[in-house]
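For reference, the structure discussed in these notes is given below.
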Amino acid sequence: MPELPEVETVMRGLEPAMMNKEIKHVQKRRPDLRIPFPENLEKALEGRAVQSLTRRAKYILVHFDSDDVLVIHLGMSGRVLIVSDDDYQPEKHDHLILTMNDGTHIVYNDPRRFGMVFLVSQDGMLSHKAFKDMGSEPLGNDFNAPILKERLKGKKTSIKQALLDQRVVCGLGNIYVCEALYEAGISPKALAGSISLPRLEILTRKIKDVLARAIKAGGSSLKDFRQADGELGYFQHSFLVYDREGHVCKGCKEEGYDKPCVKRIVQSGRSTFYCMRRQKR
DNA sequence: CTACCATCCTGGTTGC
DNA sequence: TGCAACCAGGATGGTA
């Protein structure tokens, strides 16, 4: 589930619990993750102090007073929780536990096990396959309409699918793509390569806008998502089309239309929600 | 090279 | 109520 706003929220939540603290103990609890934990994880992390936390796309990066960077991806159902209980008992899907020098546990939990945890070196990070071909950060200055236009040039796929492609722009997932396309008034079925620059101007603006608002709201909590302190995000209450099939969208309602306009279709196996009145091309 | 599809998992929801 | 089928926010690797 977690897309950029959720990952950013988790990262920010982890800062007070990890920054300038030392990892005292590393406990792996599942040897059979899809991508097994690095063998040398304990050795690389125990005794190291956390210098900073950053985010790239949907990856949380933990930087240490060493060359190692701990990379965490939450997949579909992953969480990272701060647990301060003295008598904390690991739960079923608590796969990795980092205990800090103040006794706080940082718990990585992921029922579906689509997530991953690995190490990269600070210097070699950009050549790692996860980051090598990754597109611009949508909230950064190098994500703008001309760049998006260039990235979409010649693409015959739909704009919905193109925006989910992390090489075009990173950090977006199904929810925020649907929301941004709605706000930009662009059909999810529009051919990616054939959208005009002015419309891409609107789209890039709406992408940045919806992401920023979602971060402010602490992300969206559907089923699994929690902030690092266990709190729910609340941006799900602001969805305009996502998971609102059969409703009248906000824009139509404001114009006085009362016929259900939000439709659900399936594009390359995933749900797309859009307004059939306002997103015609 | 692009595009499409299946697949990795568990758990919650839906429908009979 | 019980159970089976279906569905889910992501990424990747294989095939066409």
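Computed from a predicted model, the values in this text were never measured in an experiment. In what follows, every chain begins at residue 1, and chains take the letters A, B, ... in the order their sequences are listed.
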Members sharing A:Phe118's hydrophobic cluster, built from side-chain contacts under 4.5 Å between Ile, Leu, Val, Met, Phe, Trp and Tyr, are A:Ile35, A:Tyr59, A:Leu61, A:Val69, A:Val71, A:Met116, A:Val120, A:Met125, A:Phe131, A:Met134
Classify the side chain of A:Arg270 versus the base of C:dG9 as yes if they form a donor-acceptor pair under 3.5 Å and no if they do not. no
Tell me who clusters with A:Met276, hydrophobic residues only, linked when side chains sit under 4.5 Å apart either directly or through other members. A:Ile265, A:Tyr274
A:Glu137: which residues meet the salt bridge (charged side-chain N to carboxylate O under 4.0 Å, His left out) condition with it, sequence neighbours left out? A:Arg55, A:Arg56
Using the side-chain heavy atoms of A:His73, tell me which of these nucleotides is nearest: C:dC7, C:dA11, C:dG9. C:dA11
Please list, in numerical order, the residues of residues 111-128 of chain A that have a heavy atom closer than 4.0 Å to any atom of DNA chain B. A:Pro111, A:Arg112, A:Arg113, A:Phe114
Could you tell me whether the side chain of A:Glu22 and the main chain of A:Asn101 form a donor-acceptor pair under 3.5 Å? no
Would you find a donor on one side and an acceptor on the other, under 3.5 Å apart, between the side chain of A:Ser221 and the backbone of A:Arg226? no
For A:Asp68, which residues count as a salt bridge (charged side-chain N to carboxylate O under 4.0 Å, His left out) partner, sequence neighbours excluded? none
A:Arg151 (side chain) donor-acceptor with A:Arg167 (main chain) under 3.5 angstrom: yes
Spacing between A:Leu222 atom CG and C:dC7 atom P, to the nearest angstrom: 17 Å
Partners meeting salt bridge (charged side-chain N to carboxylate O under 4.0 Å, His left out) with A:Lys28 (sequence neighbours left out): A:Glu42
Whole Å only: how far is the CZ atom of A:Phe239 from the P atom of C:dA8? 14 Å
Round to a whole Å and report the spacing from CG of A:Leu33 to C1' of C:dG10. 16 Å
Choosing from C:dG9, C:dA11, C:dG13, which nucleotide comes nearest the side chain of A:Lys129? C:dG13
Nearest-Å distance, CG (A:Asp110) to C1' (C:dG10)? 11 Å
Who clusters with A:Leu191? Use side-chain heavy atoms, under 4.5 angstrom, across I, L, V, M, F, W and Y, and order the result by chain and number. none
Contact boundaries of DNA chain B with chain A (under 4.0 Å, heavy atoms), 5' to 3'? B:dA3 to B:dG11
Between A:Glu254 and A:Lys250, does a salt bridge (charged side-chain N to carboxylate O under 4.0 Å, His left out) hold up when you go through it step by step? CA-CA 6 Å; A:Glu254 283 167 4; A:Lys250 186 163 174 260; 3.7 Å; yes
Any side-chain N or O of A:Ser271 under 4.0 Å from OP1/OP2 of C:dA8? yes
Would you jot down, in residue-number order, the residues of residues 151-158 of chain A having a non-hydrogen atom under 4.0 Å from DNA chain B? A:Lys155, A:Lys156, A:Thr157
Could you measure between the two P atoms, the one in B:dT14 and the one in C:dG9, and give it in whole Å? 15 Å
I'd like to check A:Asn40 versus A:Leu119 (side-chain heavy atoms, cut-off strictly below 4.5 Å). Are they in contact? yes
Strand DNA chain B in bracket notation, Watson-Crick/G-U under 3.5 Å with | for pairs to another chain: .|||||||.|||||||
Taking the P atom of each, how far is B:dA6 from C:dC6, in whole Å? 14 Å
Pick the P atom in C:dC3 and in B:dC9, then give their distance to the nearest Å. 26 Å
Could you state the CG-P distance from A:Asp165 to C:dT12, rounded to the nearest angstrom? 11 Å
Presence of A:Tyr59 side-chain N/O under 4.0 Å of C:dA11 phosphate oxygens OP1/OP2: no
Between atom CG in A:Asp243 and atom C1' in C:dA8, what is the gap in whole Å? 10 Å
Charged N-O contact under 4.0 Å between A:Arg278 and A:Glu255: yes
Taking only nitrogen or oxygen atoms into account, show me every contact under 3.5 Å that the protein makes with nucleotides 14-16 of chain C, one pair per line with its distance.
none

Shortest non-hydrogen separation from A:Phe225 to A:Gly219 and the atoms involved: CE2-CA, 4.4 Å
For a quick test of reading the model, state the closest non-hydrogen atom pair linking A:Leu172 to A:Lys58 and the distance between them. O-NZ, 2.8 Å
What distance separates A:Leu33 CG from A:Tyr108 OH, expressed to the nearest 0.5 Å? 6.5 Å
What is the distance, to the nearest angstrom, from the CG atom on A:Leu163 to the P atom on C:dG9? 16 Å
Within the structure shown, what part of the strands sits under 4.0 Å from A:Arg167 by heavy-atom distance: base, sugar-phosphate, or nothing? nothing
Residues forming a salt bridge (charged side-chain N to carboxylate O under 4.0 Å, His left out) with A:Arg48, sequence neighbours excluded: A:Asp65
Check whether any side-chain N or O of A:Glu179 sits under 3.5 Å from a backbone N or O of A:Phe239 as a donor-acceptor pair, and report yes or no. no
Rounded to whole Å, how long is the line connecting atom CG of A:Leu74 with atom C1' of C:dG9? 11 Å
